[in-house]
*Asks:* 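Sharing a structure, written as structure tokens. Questions coming.
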There are 2 protein chains.
Amino acid sequence: MHDGTAPRLTPKGMATRRRIVEGAAEEIRERGAAGTTLDDIRARTGTSKSQIFHYFPGGKEELLLAVAGREAERVLEDQEPHLGDLTTWAAWQAWRDAVVRRYEQQGVNCPLGVLITELGRTTPAAQALTGQLISQWQSALRTGIRHMQDSGEVDRRLDADRTAAALVAAVQGGVTILMSTGAIGHLEAALDTTLTLLRTGGVPAVRPGT
Amino acid sequence: MHDGTAPRLTPKGMATRRRIVEGAAEEIRERGAAGTTLDDIRARTGTSKSQIFHYFPGGKEELLLAVAGREAERVLEDQEPHLGDLTTWAAWQAWRDAVVRRYEQQGVNCPLGVLITELGRTTPAAQALTGQLISQWQSALRTGIRHMQDSGEVDRRLDADRTAAALVAAVQGGVTILMSTGAIGHLEAALDTTLTLLRTGGVPAVRPGT
DNA sequence: CCCGCTCTGGACTTGCGGGTCCATTTTATG
DNA sequence: CATAAAATGGACCCGCAAGTCCAGAGCGGG
């Protein structure tokens, strides 16, 4: 999918490459993408400039993209115990708690948020990546909602996809606010509010006009 | 609040200062804060380097802060016809439409979003600023909700503040997603979902545990 | 009309950070 | 063990952009 020019890597090479991506990810989580320099990464990972360019010929941009991809995976992985099995209210609650707890812990350091906001707007490749992540996420939630509808726990008239979209946006918004002000309340409020709608099956999540 | 070292400005000086802030704001909306250089601003506003530092001795950071302040005002101003008078469902709908329309128009270029995400995390001053904006915004919405409760249009048991927080987060999340993927659907879904909750008065917007 | 202020222009300095290069060491393979 | 390819170290280059400086223009009040 992404190369052909790449020299094939030895085990050692793969390890180093991994180290670089991981280290870069940590650095970025702390300092932001813009505030992170190749030299910071080099120092943290105990590598040299040439290694970075050896494994990422495209330079910083390519590296950031790799990091973004890794972080996108993590976002879904971290919720995975729950995300794949949203079939009961308890499961939904557990998922909600997991999300809140996770961001509560890491506070300001939202890995994906950083990439999404600082890098996502600029390059089309990164944009595609975030687009895919959001779509996967939304899809998992939608599946969960449909499940609940099938088992009669959620009103059938509810637009599952749209509600899933609202949930994703709620999390994203809550996290953005958390990142910029440190308040976790908005994330909780947004999540709980949307979940409440799910429970009460507030009639139509359907747009009026447009 | 912000100076004392400042030499008092003549009318001409104030005009120039304004020009710089406006120009910088436009530039940042297009290119992002990180991607905007003082020289870009200088060129666009037809000023010279020394002028920028004359009016903003603190350099780029001080200028960005001024821009952020200006944009924060704009955000509220733009919604003001509606935000101050959320006393009927029609008004809420009008507000919702105004928000969606506005971001639909400007697409990727969310002035405040750019500042919030690129600058808000770094400097404490900017963080305070965004915090204040969010709090004002939330407060206006809360007032609106209380109004609706008083007139019996919204369930009294609803936590007005919490729901207002959810609304702010919904907008923020929708806009963030809009900025990083170009999709407006999430903003609409998040807004409509939360507003639907308001209408149906989905019982308790209250946290279960924690 | 003159003194001092603000205002302006733009050349210059400086540091930082991305990217290049090449010499050297290590690893894979026959 | 020989050789090629990959892995590594680190010095170096270069451009960009923030910030400095000073010389001069314009204006305002006494």
Side-chain angles (χ1 to χ4, degrees), chain A residues 3-24 27-28 30-68 115 118-119 122-123 125-126, chain B residues 3-24 27-28 30-68 115 118-119 122-123 125-126:
Chain A
D3 54 51
T5 21
R8 55 200 193 287
L9 307 186
T10 68
K12 191 180 182 186
M14 307 233 329
T16 302
R17 201 194 127 103
R18 272 179 53 88
R19 240 174 50 236
I20 294 176
V21 173
E22 294 298 333
E27 198 72 25
I28 289 173
E30 294 171 14
R31 302 237 227 286
T36 296
T37 77
L38 293 187
D39 218 62
D40 293 335
I41 297 171
R42 192 196 52 66
R44 175 189 279 257
T45 59
T47 52
S48 67
K49 214 59 166 304
S50 66
Q51 280 169 289
I52 296 181
F53 283 86
H54 182 66
Y55 297 107
F56 306 92
K60 193 179 189 182
E61 185 170 328
E62 188 178 341
L63 173 55
L64 287 184
L65 205 60
V67 172
L115 274 324
E118 291 188 39
L119 184 144
T122 53
T123 100
Chain B
D3 55 52
T5 22
R8 56 201 191 285
L9 308 185
T10 69
K12 191 179 181 185
M14 307 234 329
T16 302
R17 203 194 125 103
R18 272 180 53 88
R19 240 173 51 236
I20 294 175
V21 173
E22 294 297 334
E27 198 73 26
I28 288 172
E30 294 171 14
R31 303 236 227 285
T36 297
T37 79
L38 293 187
D39 219 61
D40 293 336
I41 298 171
R42 192 197 52 66
R44 176 189 280 256
T45 59
T47 52
S48 69
K49 214 59 166 306
S50 67
Q51 281 169 287
I52 295 182
F53 283 86
H54 181 66
Y55 296 106
F56 305 92
K60 193 179 189 182
E61 185 169 328
E62 188 178 341
L63 173 54
L64 288 183
L65 205 60
V67 171
L115 274 324
E118 291 188 39
L119 184 144
T122 53
T123 101

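Reckoned from all heavy atoms, side chains included, excluding hydrogens, waters and symmetry mates. Everything quoted here is computed from the prediction, not taken from an experiment. Labels below follow one simple rule: chain letters A, B, ... track the order of the sequence lines, proteins then strands, and each chain is numbered from 1.
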*Asks:* Would you kindly give the CD1-to-C1' distance between B:Ile52 and D:dA18, to the nearest whole Å?
*Replies:* 10 Å
*Asks:* Using OP1 and OP2 only, check whether a side-chain N or O of A:Thr10 sits under 4.0 Å from D:dA5.
*Replies:* no
*Asks:* In whole angstroms, how far is the C1' atom of C:dG9 from the NZ atom of B:Lys49?
*Replies:* 12 Å
*Asks:* Can you tell me how far C1' of C:dC12 sits from CG of B:Asp39, to the nearest Å?
*Replies:* 14 Å
*Asks:* What closest approach, in Å, do A:Arg17 and A:Ala66 show between heavy atoms, and which atom pair accounts for it?
*Replies:* NH2-CB, 4.3 Å
*Asks:* Does D:dA5 have OP1 or OP2 under 4.0 Å away from a side-chain N or O of A:Arg8?
*Replies:* no
*Asks:* Would you kindly give the OH-to-P distance between A:Tyr55 and C:dG19, to the nearest whole Å?
*Replies:* 18 Å
*Asks:* Please check the phosphate of C:dC7 (OP1 and OP2 only) for any side-chain N or O of B:Lys12 closer than 4.0 Å.
*Replies:* no
*Asks:* Pick one: which of B:Thr37, B:Thr36, B:Thr45, B:Val67 meets side chain to side chain contact (heavy atoms under 4.5 Å, CB included) with B:Glu27?
*Replies:* B:Thr36
*Asks:* Round to a whole Å and report the spacing from NE2 of A:His54 to C1' of C:dC22.
*Replies:* 15 Å
*Asks:* Tell me whether the side-chain N or O atoms of A:Ser48 pair up with the base of D:dG9 as donor and acceptor below 3.5 Å, since no angle test is needed here.
*Replies:* yes
*Asks:* Quick check: closest heavy atoms across A:Leu65 and A:Ala125, and the distance to 0.1 Å?
*Replies:* CD2-CB, 3.7 Å
*Asks:* Give the minimum heavy-atom separation between A:Ser48 and A:Gln51, together with the two atoms involved.
*Replies:* N-OE1, 2.7 Å
*Asks:* Closest nucleotide of DNA chain D for A:Thr47 versus for B:Lys60: which of these residues is on the 5' side?
*Replies:* A:Thr47
*Asks:* Evaluate the side-chain contact (heavy atoms from CB on, under 4.5 Å) criterion for residues A:Leu64 and A:Thr123: first the C-alpha distance (whole Å), next the side-chain angles of each, then the deciding distance (0.1 Å), finally the verdict.
*Replies:* CA-CA 11 Å; A:Leu64 287 184; A:Thr123 100; over 6 Å; no
*Asks:* From CD of A:Gln51 over to P of C:dT20, roughly how many Å is that when rounded to an integer?
*Replies:* 16 Å
*Asks:* Atom CZ of B:Phe53 to atom P of C:dT13: distance rounded to whole Å?
*Replies:* 17 Å
*Asks:* Take A:Leu38 and A:Ser50, find for each the nucleotide of DNA chain C with the closest heavy atom, and name the residue whose nucleotide sits nearer the 5' end.
*Replies:* A:Leu38
*Asks:* Could you tell me the separation between the CD1 atom of B:Ile41 and the C1' atom of D:dA18, rounded to a whole number of Å?
*Replies:* 12 Å
